[in-house]
Amino acid sequence: QVQLLESGGGLAQAGGSLRLSCVASGRTSRAYAMGWFRQVPGKEREFVAAISWSGGSTGYADSVKGRFTLSRDNAKNTVYLQMHSLKPEDTAVYYCAAASVNPYRGGYYSSANEYDYWGQGTQVTVSS
C-alpha cells in the first residue's frame, strides 16, 4: 500500500502561483509513475499532468501546458506541481495519484483508470 498526502493548496489571485506537493509513504520501494488530476463539483476528474518514474518524461493537459511544471524527487518520495499564471478556471480540488510501473519501461499515464493509489486532495481556489 502507498499513502499519498497532498499539500500546498490554497487561495491565489489570477496570474499568481502556487506549488503543490505530494509525499508518498508506505511501500515506496516500488516504482511509480505519478500524476495530478483535478475535479470541480458536478464534473468528472480531469487529467492535469503526469511524470514517469525516472522523471525523464512528463505530460500535460492542453489547458495547463506552458503554465504548470511537474517534477519529482525520488529520494524524498515527493512530486511537485508548480503552477504559474493561474486562472479562475484552475479552481478545483487537486488529487495526486500513483501508478505501479516497470522501472525499466518508463512512461506515464493520463487516464485516471491507470492509477492505483490516490490522495485525499487539496483545494486550489483562484480569484479573478
Closest approach of [X] and [Y], non-hydrogen atoms and distance?
X: Ala50; Y: Leu70; result: C-CD2, 3.4 Å
X: Cys22; Y: Met34; result: SG-CE, 4.2 Å
X: Ser85; Y: Ser17; result: N-OG, 4.4 Å

ask   = Looking at the rings of Trp118 and Phe37, which for Trp means the six-membered one, are their centres under 6.0 Å apart?
value =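 Centroid separation for Trp118 and Phe37: below 6.0 Å.
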Does a side-chain heavy-atom distance below 4.5 Å link [X] with [Y]?
X: Glu6; Y: Ser21; value: no
X: Leu20; Y: Tyr80; value: no
X: Tyr60; Y: Val48; value: no
X: Met83; Y: Val124; value: yes
X: Ser71; Y: Gln82; value: no
X: Gln1; Y: Arg27; value: no
X: Trp36; Y: Ile51; value: no

Main chain of [Y], side chain of [X]: is a donor-acceptor contact present, judged purely on distance under 3.5 Å?
X: Asn77; Y: Val23; result: no
X: Thr78; Y: Lys76; result: yes
X: Arg38; Y: Glu46; result: no
X: Arg72; Y: Ser52; result: yes

What about [X] and [Y], same hydrophobic cluster or not, with Ile/Leu/Val/Met/Phe/Trp/Tyr joined at side-chain heavy-atom distances under 4.5 Å?
X: Val101; Y: Val79; value: no
X: Leu4; Y: Tyr108; value: no
X: Leu86; Y: Phe47; value: no
X: Val64; Y: Leu81; value: yes

Does atom CD of Gln13 have more than 12 heavy-atom neighbours, drawn from other residues, nucleotides or ligands, at distances under 6.0 Å?
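Atom CD in Gln13 is not crowded, with 12 or fewer foreign heavy atoms closer than 6.0 Å.
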Gln120 atom CD, over 12 foreign heavy atoms within 6.0 Å: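 Counting other residues, nucleotides and ligands, CD of Gln120 stays at 12 neighbours or fewer.
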message: Less than 6.0 angstrom from the centroid, inside 45 degrees of the normal: does Arg30 satisfy that with respect to the ring of Trp53?
response: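 No, cation not above the ring by the 6.0 Å, 45° rule.
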Cation-pi check for Tyr95 against Arg45: NZ or CZ below 6.0 Å from the six-membered ring centre and within 45 degrees of the axis, yes or no?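 Here Arg45 passes the 6.0 Å and 45° test against Tyr95.
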Requested in this report: Measure the spacing between OG of Ser100 and OH of Tyr117 and express it to the nearest 0.5 Å.
Outcome: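 Answer rounded to 0.5 Å: 5.0 Å.
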- How are the rings of Tyr109 and Tyr115 set relative to one another: parallel (under 30°), tilted (30 to 60°) or perpendicular (over 60°)?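 Ring orientation of Tyr109 relative to Tyr115: perpendicular.
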- Item | Ionic contact status for Asp90 with Lys87, cut-off 4.0 Å |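 No salt bridge links Lys87 with Asp90.
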